Asks: 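Handing you this structure, nothing more for now.
Counting convention: from 1, in listed order, for ligands and their atoms alike. Basis for what follows: all heavy atoms, side chains included, without hydrogens, waters or symmetry-related copies. Computed from a predicted structure; not experimentally measured.
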Amino acid sequence: MLSAQERARVAQVWDLIAGHEASFGAELLLRLFTVYPSTKSYFKHLGFCPDETQLLTHGQRMLEAVGVAVQHMDNLRAALSPLADLHAQVLRVDPSNFPLLIQCFQVVLASHLQGEFTVEMQAAWDKFLTGVAVVLTEKYR
Ligand code: HEM
């Protein structure tokens, strides 16, 4: 559960990302596939070039879902329920991949926002993204 202050920090950073979902998302995927090549096995249809349309398209979808989560921080489980079904029951993405994505997400934020991505911002985003990952991986049983 995020405190009011943590929610405000998440929303503040999201305001800087909103409108740039495709480019942030593509960069996130590129980092994920490069730093943790095993993650690429889920995305055989995507390439490694950051301009590639499919990378941008998937990056945009993924970040738009994060945007939905930001709008529904009080009710993540309901807001992300269809996406949780997809990842757990259809895609069967191993839950161990989520911390890798969270780590890359924070590096993307830090490299773009630099000084604005303070220690407190990182702590709030880590908690928020972990909450998203918990919801997306809890339907496996
Ligand atoms: C599909 C979001 C984590 C693998 C998707 C879609 C969204 C999404 C919105 C598209 C759903 C649709 O087309 O209806 C997220 C979010 C994540 C996350 C918000 C975590 C914060 C992961 C991780 C992996 C993964 C860690 C594996 C390393 C996939 C795959 C697809 C997918 C393989 C299908 C791609 C396709 O059909 O082209 N995800 N995802 N996701 N996700 Fe995730």
Asks: Can Val132 and Val66 be said to form a side-chain contact (heavy atoms from CB on, under 4.5 Å), step by step?
Replies: CA-CA 8 Å; Val132 170; Val66 173; 5.8 Å; no

Asks: State whether the side chain of Thr34 and the backbone N or O of Arg31 hold a donor-acceptor pair below 3.5 Å, judged by distance alone.
Replies: no

Asks: How far is atom 13 (O) of ligand 1 from its nearest protein heavy atom, and which residue and atom is that?
Replies: Arg61 CD, 3.9 Å

Asks: Please could you name the atoms of ligand 1 that Tyr42 approaches to less than 4.0 Å, counting only its heavy atoms?
Replies: 27 (C), 28 (C), 33 (C)

Asks: Which residue owns the protein heavy atom closest to atom 29 (C) of ligand 1, what's the atom, and how far is it?
Replies: Phe43 CZ, 3.3 Å

Asks: Would Glu120 and Glu6 satisfy side-chain contact (heavy atoms from CB on, under 4.5 Å), going step by step from the backbone distance to the final call?
Replies: CA-CA 8 Å; Glu120 292 79 14; Glu6 287 166 337; over 6 Å; no

Asks: Just need the protein heavy atom nearest to atom 6 (C) of ligand 1, so name the residue and atom and give the distance.
Replies: His58 CE1, 3.9 Å

Asks: Just do the ring pair (Phe, Tyr, Trp, His ring centres under 6.0 Å) check on Phe24 and His112 with the steps written out, would you?
Replies: CA-CA 9 Å; Phe24 271 91; His112 282 271; 4.6 Å; yes

Asks: Side chains of Thr137 and His87, heavy atoms from C-beta outward: is any pair under 4.5 Å?
Replies: no

Asks: Considering only heavy atoms of Asn97, which atoms of ligand 1 have at least one such atom less than 4.0 Å away?
Replies: 26 (C), 28 (C)

Asks: In total, how many protein N/O/S atoms does one find closer than 2.8 Å to atom 43 (Fe) of ligand 1?
Replies: 1

Asks: Which protein heavy atom lies closest to atom 37 (O) of ligand 1, and at what distance to 0.1 Å?
Replies: His45 NE2, 4.4 Å

Asks: Check the pair Phe128 / Arg9 against side-chain contact (heavy atoms from CB on, under 4.5 Å), numbers first and verdict last.
Replies: CA-CA 10 Å; Phe128 165 65; Arg9 287 180 178 135; over 6 Å; no

Asks: If you have a sec, work out which protein heavy atom is nearest atom 3 (C) of ligand 1 and how many Å separate them, to one decimal?
Replies: Phe98 CE2, 3.4 Å

Asks: Going from CG on Leu101 to CG on Leu32, what distance comes out if it is rounded to the nearest 0.5 angstrom?
Replies: 5.5 Å

Asks: Applying salt bridge (charged side-chain N to carboxylate O under 4.0 Å, His left out), which residue pairs with at least one partner in residues 58-84 are found, sequence neighbours left out?
Replies: Arg7-Asp74, Arg77-Glu138

Asks: Hey, is the main chain of Asp94 close enough, under 3.5 Å, to the side chain of Tyr42 for a donor-acceptor pair?
Replies: yes

Asks: Rounded to the nearest 0.5 Å, what separates atom CZ in Arg92 from atom CG in Leu86?
Replies: 12.0 Å

Asks: Check ligand 1 against Leu101 and write out every atom of the ligand that is under 4.0 Å from a heavy-atom position of the residue.
Replies: 20 (C), 21 (C)

Asks: Specify side chain, backbone, both or neither for Phe105, according to which of its non-hydrogen atoms lie closer than 4.0 Å to ligand 1.
Replies: neither

